[in-house]
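Only one structure is covered here, and it is reproduced in the block below.
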Number of protein chains: 2
Amino acid sequence: MRMSTKAQYAVRAMVNLNLYSEGSPVSLRDISLRESISLTYLEQLFVKLRRGQIVKSVRGPGGGYLLARPAKEIQVDEIIDSVEESLVPVACMDQKHGCVCDDHCVTHNVWHGLGEKIRDFLASITLEELTQEARNKFNEAKGKN
Amino acid sequence: MRMSTKAQYAVRAMVNLNLYSEGSPVSLRDISLRESISLTYLEQLFVKLRRGQIVKSVRGPGGGYLLARPAKEIQVDEIIDSVEESLVPVACMDQKHGCVCDDHCVTHNVWHGLGEKIRDFLASITLEELTQEARNKFNEAKGKN
DNA sequence: AGCATACCTGAGTAAAACTGTCAATTATTT
DNA sequence: AAATAATTGACAGTTTTACTCAGGTATGCT
């Protein structure tokens, strides 16, 4: 039961973007350098984040990406949805025409309940909170030196 | 973020075992037929379930598997642990010598918290409860005919 | 004893998913 | 025009998953 690194990268990249953006676009090259994620892989992720209305792009020199809305309104589950990592723990429940479980599916409720817990938890955390945590961590580390 | 079919099969097989065992051993062949899971695959799973103290085996004709303890004392997370499906959502936190996250790991708390939610939920469900649910489902279906 | 049953074990394998890279293009600013 | 940076699609190596196969071992029954 692993969260794909794709989803992990996406969340990290979004925190980093918000951390270093102060109204102006942040280039993927910068995020790539700071987070040690391959530039070309980041490009793939941000295409999806843009389609998911999490970020918007600014082309040309000085360009990069901006948040599409305030960090307070971006939830972690939305970031993960955007990069197409499913939060539903079993495949049969992940279709729009519903689960075709017959009598064999005595475990349906377990996975359904689990999926809800996962969703609720990740929806309860905003990008704003994560960024603030990151700032605190950074200041603590600074204080030690 | 998918629960492996291995873990899904293990839970289903355990419910089925408990459903049809009344003190006497249940053969994997029977479970295989009822749940449409390959016999040889079930054998692999039950080796692990035995090592995890979830079931015990009885060899020879009329043999099969029995619960190692009362169904009330078997939690779903234990079944999943036994077949070696990790409930920790990120790899770096899944080692005994702890996570070597440095400053980059601003998302540590998210995944740690998520792992706890998953564990708590699955630990809150016992095999007894699942089996009772299955009995109810079966009786409802019967009532309709 | 001999046979059937059923657990036990390890090796192997095809397909899918994951984790990226590469090459080329388009849009914008200076 | 030249430089910057996003955008896109194809593709490839590696790992994991989900099994199968080919045996072996223990036990009970006739």
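Reckoned from all heavy atoms, side chains included, excluding hydrogens, waters and symmetry mates. Only a predicted model underlies this, so the values are computations on that prediction, with no experimental measurement involved. All chains are named by letter (A, B, ...) in the order of the sequence lines, taking the proteins before the strands, and each is independently numbered beginning at 1.
Toward the 5' end of DNA chain C, the nearer of the two residues B/Pro61 and B/Tyr65, judged by each one's closest nucleotide, is B/Pro61. Residue-to-nucleotide proximity on DNA chain D shows that, of B/Glu43 and A/Ser57, the 5′-proximal contact is made by A/Ser57.
If you take CZ of A/Arg29 and P of D/dT7, they are 17 Å apart, rounded to a whole angstrom. Rounded to a whole Å, the CG atom of A/Leu17 is 14 Å from the C1' atom of D/dA6. Straight-line distance from the CG atom of A/Asp30 to the P atom of D/dA5: 8 Å, rounded to whole Å. Between the CD1 atom of B/Ile37 and the C1' atom of D/dT17 there is a distance of 16 Å, given to the nearest Å. Between the C1' atom of C/dT9 and the CG atom of B/Leu39 lies a distance of 14 Å, rounded to the nearest Å. In this structure, CD of A/Gln44 is placed 14 Å from P of D/dT7, rounded to the nearest angstrom. Rounded to an integer number of Å, the gap from B/Leu49 CG to C/dC7 P is 13 Å. When the C1' atom of C/dA17 is taken as reference, atom NZ of A/Lys6 falls 10 Å away, rounded to whole Å.
Counting any heavy atom pair closer than 4.0 Å across all strands shown, B/Thr40 reaches a base atom.
Contact annotation: A/Arg50 side-chain N/O to D/dT8 OP1/OP2 distance is under 4.0 Å. Taking 4.0 angstrom as the limit, A/Ser38 places none of its side-chain polar atoms (N or O) nearer than this to OP1 or OP2 of C/dT19. Side-chain nitrogen and oxygen atoms of A/Ser4 include none within less than 4.0 Å of the OP1 or OP2 phosphate oxygen of C/dC18. Regarding contacts with the backbone of C/dC18, every side-chain N or O of A/Tyr41 stays at 4.0 angstrom or more from both OP1 and OP2.
In this structure, B/Arg50 fails the cation-pi test against B/Tyr65, since its NZ or CZ atom is not both closer than 6.0 Å to the six-membered ring centre and inside 45 degrees of the ring normal.
Side chain of B/Thr131 to main chain of B/Leu127: a donor-acceptor pair is present (N/O by atom type, distance under 3.5 Å, no hydrogens or angles).
Remark: A/Met1 CE to B/Ser86 OG distance equals 10.0 Å, nearest 0.5 Å.
Counting non-hydrogen atoms of other residues, nucleotides and ligands closer than 6.0 Å to CD of A/Gln53 gives a total of 12 or fewer.
On a pure distance criterion of 3.5 Å, no polar donor-acceptor pair joins the side chain of B/Glu85 and the base of D/dT17. At a cut-off of 3.5 angstrom, counting only N and O atoms as typed in the model, there is no donor on one side facing an acceptor on the other between the side-chain of B/Arg59 and the base of C/dT5.
Inter-residue side-chain proximity for A/Gln75 and A/Ile125 is flagged as unmet; no heavy-atom pair is nearer than 4.5 Å.
Listed nucleotides C/dC7, D/dT8, C/dG20 differ in distance to B/Ser27; the shortest reach to its side chain belongs to C/dC7.
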